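Just so you know, these numbers come straight off a predicted model, no measurement behind them.
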Amino acid sequence: MQNTKARTNIYALLSRVLLQELDEGMLQTIRNDENILDFFPTLKEWSFFVELGNKELLEEYLNPDFVNLSLLHLIPYETFYTREDQKIETGGANPVTDIYSAYNFMVDYEAARTISADHIGVELEFMHHLVEAEIKALEDNDMEAAKALRGIEMEFLNKHLLKWAPMYLVNVKYEARTPLYYDAADMALEFLLSDNEYLASELGA
């Protein structure tokens, strides 16, 4: 159970950091939590992170970097990487739409400010949603449901995130101008691969 709770927390953190710009509250949470900071080793040592206040750090460095990585130079959508014409599928034909509906996951496009359901931050949030359901099953001592959910998590990783997110994340590492997004991309890359291995071992796949 402890491992599953750690997994859901990591998915939630990665989703939040990669989905939209940080606000002062989220940045302060990162500053105050040593467990979170351990995931951001380069950020922790960055002189501006140590010396500047939240507002200045966000406005002058972190948020411009997010805009550069997610809106201007790189495209954080699955269909851009998986369709031959590199078009983003914004309608019902998006490959993640059916699986989201099947597991009662609703995308709040306005809050997320994404144009499509296959944004990396939304796909990570869906994984968080599935792991939360797994935790509920474990708390209810429903091992069959927990195992089924692990199977769904592994299937989603292999059919969706692992097919394209590594390419995007490697590009983020290369293009990042701040340690926050360099570390987040590095962490996401490592975690997605290790979580897939963990699920495979749990399921005996």
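Among all heavy-atom pairs drawn from Pro64 and Leu58, the shortest one is CD-O, 3.4 Å. Here the shortest heavy-atom pairing between Phe48 and Leu57 reads O-CD1, 3.7 Å. The shortest non-hydrogen separation linking Tyr181 to Leu62 is CE1-O, 3.4 Å. Minimum heavy-atom separation, Asp23 to Met26: OD1-N, 2.7 Å. The two residues Ala137 and Ala145 have their closest heavy-atom pair at CB-CB, 4.0 Å. Scanning both residues, Asn158 and Lys163, for their nearest heavy atoms gives O-CG, 3.4 Å.
In this structure, the side chains of Val122 and Val96 stay at 4.5 Å or more apart for every pair of heavy atoms. Tyr174 is not listed as a side-chain neighbour of Tyr182, based on a closest heavy-atom distance of 4.5 Å or more. Between Arg16 and Glu125 the shortest side-chain heavy-atom distance does not fall below 4.5 Å. No side-chain heavy atom of Met154 sits less than 4.5 Å from a side-chain heavy atom of Leu162. Under the 4.5 Å side-chain criterion, counting only non-hydrogen atoms from C-beta, Ile120 is not in contact with Glu123. Here the side chains of Asp118 and His160 are not in contact, with every heavy-atom distance at 4.5 Å or above. Proximity of Arg150 to Val131: side-chain heavy atoms (C-beta onward) are nowhere separated by under 4.5 Å. Side-chain contact between Asn68 and Leu74 is absent, with no heavy atoms from C-beta onward closer than 4.5 Å.
A salt bridge links Asp38 with Lys44: the distance from a Lys NZ or Arg NE/NH1/NH2 to an Asp or Glu carboxylate oxygen falls below 4.0 Å. Salt bridge annotation for Glu59-Lys55: present, with a cationic side-chain nitrogen under 4.0 angstrom from a carboxylate oxygen. A salt bridge links Arg83 with Glu89: the distance from a Lys NZ or Arg NE/NH1/NH2 to an Asp or Glu carboxylate oxygen falls below 4.0 Å.
Between Ile30 atom CD1 and Leu13 atom CG the span is 6.0 Å, to the nearest 0.5 Å. A distance of 5.5 Å separates CZ of Arg7 from CD of Glu134, quoted to the nearest 0.5 Å. Taking CG of Asn63 as the reference point, atom CD of Gln20 lies at 10.0 Å (rounded to 0.5 Å). Atoms CG and OH, from Asn94 and Tyr77 in turn, are 10.5 Å apart once rounded to the nearest 0.5 Å. Between the CE atom in Met127 and the CG atom in Asp195 there is a gap of 5.5 Å [rounded to 0.5 Å]. In this structure, CD on Glu153 lies 8.0 Å from CG on Leu157, to the nearest 0.5 angstrom.
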key: Derivation and outcome, side-chain contact (heavy atoms from CB on, under 4.5 Å), residues Trp164 and Phe80   = CA-CA 9 Å; Trp164 72 279; Phe80 174 79; over 6 Å; no
key: Audit row: Glu202, Lys147, side-chain contact (heavy atoms from CB on, under 4.5 Å) steps and yes/no   = CA-CA 8 Å; Glu202 286 291 297; Lys147 185 176 181 182; over 6 Å; no
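Aromatic ring orientation, Phe105 versus His129: tilted (interplanar angle from 30° to 60°). Aromatic ring orientation, Tyr100 versus Phe156: tilted (interplanar angle from 30° to 60°). Taking the six-membered ring for Trp and thresholds of 30 and 60 degrees, Tyr81 and Tyr168 have ring planes more than 60 degrees apart, a perpendicular arrangement.
Both Leu193 and Leu130 are part of a single hydrophobic cluster, where members link through side-chain heavy atoms under 4.5 Å apart. By the criterion of side-chain heavy atoms lying less than 4.5 angstrom apart, applied directly or through intervening Ile, Leu, Val, Met, Phe, Trp or Tyr residues, Met167 is grouped together with Ile75 in one hydrophobic cluster. Taking hydrophobic clusters as Ile, Leu, Val, Met, Phe, Trp and Tyr residues chained together by side-chain heavy-atom distances below 4.5 Å, Leu124 shares a cluster with Leu19. Hydrophobic clustering (ILVMFWY, side-chain heavy atoms < 4.5 Å, transitive): Leu43 and Leu18 are in one cluster. When hydrophobic clusters are built by joining Ile, Leu, Val, Met, Phe, Trp and Tyr residues whose side-chain heavy atoms come closer than 4.5 Å, directly or via intermediates, Met187 is grouped together with Leu192.
Judged purely by distance below 3.5 Å, without hydrogens or angles, the side chains of His128 and Thr8 pair a donor atom with an acceptor atom. Side-chain N/O atoms of Trp46 and Glu51 include no donor and acceptor closer than 3.5 Å. When only modelled atom types and interatomic distance are considered, Gln28 and Asn54 share a side-chain donor-acceptor pair under 3.5 Å.
Counting only distance, with no hydrogens or angles, the side chain of Ser15 and the backbone of Tyr11 share no donor-acceptor pair below 3.5 Å. Here the side chain of Thr178 pairs no donor or acceptor atom with the backbone of Asp65 at under 3.5 angstrom. For Ser201 (side chain) and Tyr198 (main-chain N/O), a donor-acceptor pair under 3.5 Å exists by modelled atom type. Formation of a donor-acceptor pair under 3.5 Å by the Asp140 side chain with backbone atoms of Asp142 is not found in this model.
The six-membered or imidazole ring of Phe39 lies away from that of Phe191, with a centre-to-centre distance of 6.0 Å or more.
No more than 12 heavy atoms of other residues, nucleotides or ligands sit less than 6.0 Å from atom CD of Glu190. Under a cut-off of 6.0 angstrom, the local environment of CE in Met106 is sparse, with at most 12 non-hydrogen atoms contributed by other residues, nucleotides or ligands.
In this structure, Arg177 fails the cation-pi test against Tyr61, since its NZ or CZ atom is not both closer than 6.0 Å to the six-membered ring centre and inside 45 degrees of the ring normal.
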